[in-house]
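Each residue takes its place number in the sequence, starting with 1. These numbers were taken from a predicted model, which means no experiment stands behind them.
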Amino acid sequence: MSWPAHITVAVNLSAVQFRKCDLLDAVRRALGESGLPPERLEVEVTETVLLEKDTDHIALLHRLKEIGVSVALDDFGTGYSSLSYLTMFPFDKIKIDQSFIKDMAERTDCAAIVRSVIALGRSLDMITTAEGVETEEQFEIIRAAGVTLAQGYLFGKPCPVAELDLGRDLGGARRRRTGGGSEAA
């Protein structure tokens, strides 16, 4: 399949993948076989990958960045969150876990955490994505806080790629369908 130039592809990487294979070569092969330019690939890692603080993991993330791949910290705020991860690893994006988004309209503590993570991302020059946005109220709260992107059922449900209108670049439009969910810009 030929992907239009405005579409990026995000891939979740597990801790097992970091330990069991030559991930850099696998990424390079996949990019070569698909024809996708590296700058259009985003790899998402969770804090589980980072817990080991393995120098090989750190080096791998830096090598991925060197070839042009973007790196996102997925599900930020769950597990064993450590702000030191944001300085140890070369992240381009912080993805705020849906558990905070879900409850932020009713719980001031969740809303405060979401606003703080968005402000932190902005001050570190990182993109922020709110995961699991399902209501207009949630979207308005995160938009007012300055989130960069939002994804969730409010914008679309996962569907086969054939059902997506990938040929249309919505640019600054409020909602855009990106497959496997959607993001609002």
Side-chain angles (χ1 to χ4, degrees), residues 1-50 54-76 85-97 117-118 120-133 146-152 155-185:
M1 165 169 202
S2 175
W3 292 87
H6 65 281
I7 300 294
T8 59
V9 178
V11 177
N12 289 310
L13 297 178
S14 72
V16 172
Q17 289 171 302
F18 269 79
R19 286 191 299 271
K20 291 205 173 192
C21 71
D22 188 353
L23 200 49
L24 184 61
D25 283 343
V27 169
R28 284 184 174 143
R29 265 191 320 278
L31 289 170
E33 291 171 10
S34 68
L36 184 73
E39 52 278 350
R40 291 185 39 214
L41 175 63
E42 174 181 286
V43 294
E44 298 180 2
V45 296
T46 61
E47 296 166 25
T48 312
V49 170
L50 311 178
D54 187 314
T55 56
D56 290 339
H57 292 178
I58 296 169
L60 173 61
L61 291 173
H62 281 283
R63 285 195 299 274
L64 287 168
K65 294 259 313 168
E66 287 167 8
I67 66 169
V69 174
S70 176
V71 180
L73 176 56
D74 199 11
D75 300 333
F76 185 74
Y85 294 155
L86 300 176
T87 60
M88 290 172 47
F89 297 94
F91 295 113
D92 299 293
K93 180 190 285 186
I94 302 170
K95 296 186 77 175
I96 306 165
D97 188 70
V117 172
I118 292 168
L120 177 63
R122 191 172 35 250
S123 68
L124 293 173
D125 199 27
M126 292 181 188
I127 294 167
T128 53
T129 297
E131 297 181 305
V133 179
V147 74
T148 314
L149 298 170
Q151 67 182 50
F155 312 107
K157 296 192 179 188
C159 66
V161 71
E163 293 179 19
L164 297 174
D165 183 5
L166 298 177
R168 205 166 63 124
D169 183 0
L170 300 179
R174 181 169 164 250
R175 294 181 182 166
R176 81 183 150 150
R177 195 77 191 246
T178 60
S182 296
E183 289 190 330

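Taking CZ of Arg63 as the start and CZ of Arg28 as the end, the distance is 8.0 Å to the nearest 0.5 Å. To the nearest 0.5 angstrom, Asp75 atom CG is 8.0 Å from Asn12 atom CG. Here OG1 of Thr129 is found 7.0 Å from CD of Glu42. Values are rounded to the nearest 0.5 Å. Summarising the geometry, atom OG1 belonging to Thr128 is positioned 11.5 Å from atom NZ belonging to Lys95; distances are rounded to the nearest 0.5 Å. The line from CD1 of Ile127 to CZ of Arg122 is 13.5 Å long, rounded to the nearest 0.5 Å. The OG1 atom of Thr46 lies 9.5 Å from the CG atom of Leu13; values are rounded to the nearest 0.5 Å.
Atom CG of Asp25 sits in a crowded spot, with more than 12 heavy atoms from other residues, nucleotides or ligands closer than 6.0 Å.
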side-chain contact (heavy atoms from CB on, under 4.5 Å) assessment of Leu120 paired with Leu86: CA-CA 10 Å; Leu120 177 63; Leu86 300 176; 3.5 Å; yes
Could you go through Lys93 and Leu149, starting from their C-alpha distance and side-chain angles, then the distance that decides it, and tell me whether this counts as side-chain contact (heavy atoms from CB on, under 4.5 Å)? CA-CA 10 Å; Lys93 180 190 285 186; Leu149 298 170; 3.9 Å; yes
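Residues Val71 and Phe91 meet the side-chain proximity criterion, which asks for heavy atoms closer than 4.5 Å. Looking only at side-chain heavy atoms (C-beta outward), Glu131 and Asp74 come within less than 4.5 Å of each other. By the 4.5 Å heavy-atom criterion applied to side chains, Leu24 and Leu64 are counted as neighbours. Side-chain contact check for Leu23 versus Val43: every heavy-atom pair is 4.5 Å or farther apart. Asp92 has its side chain within reach of Lys65: a pair of non-hydrogen atoms, C-beta onward, lies under 4.5 Å apart.
What you find for Val147 and Ala130 is that their closest heavy atoms are CG2-N, 3.8 Å.
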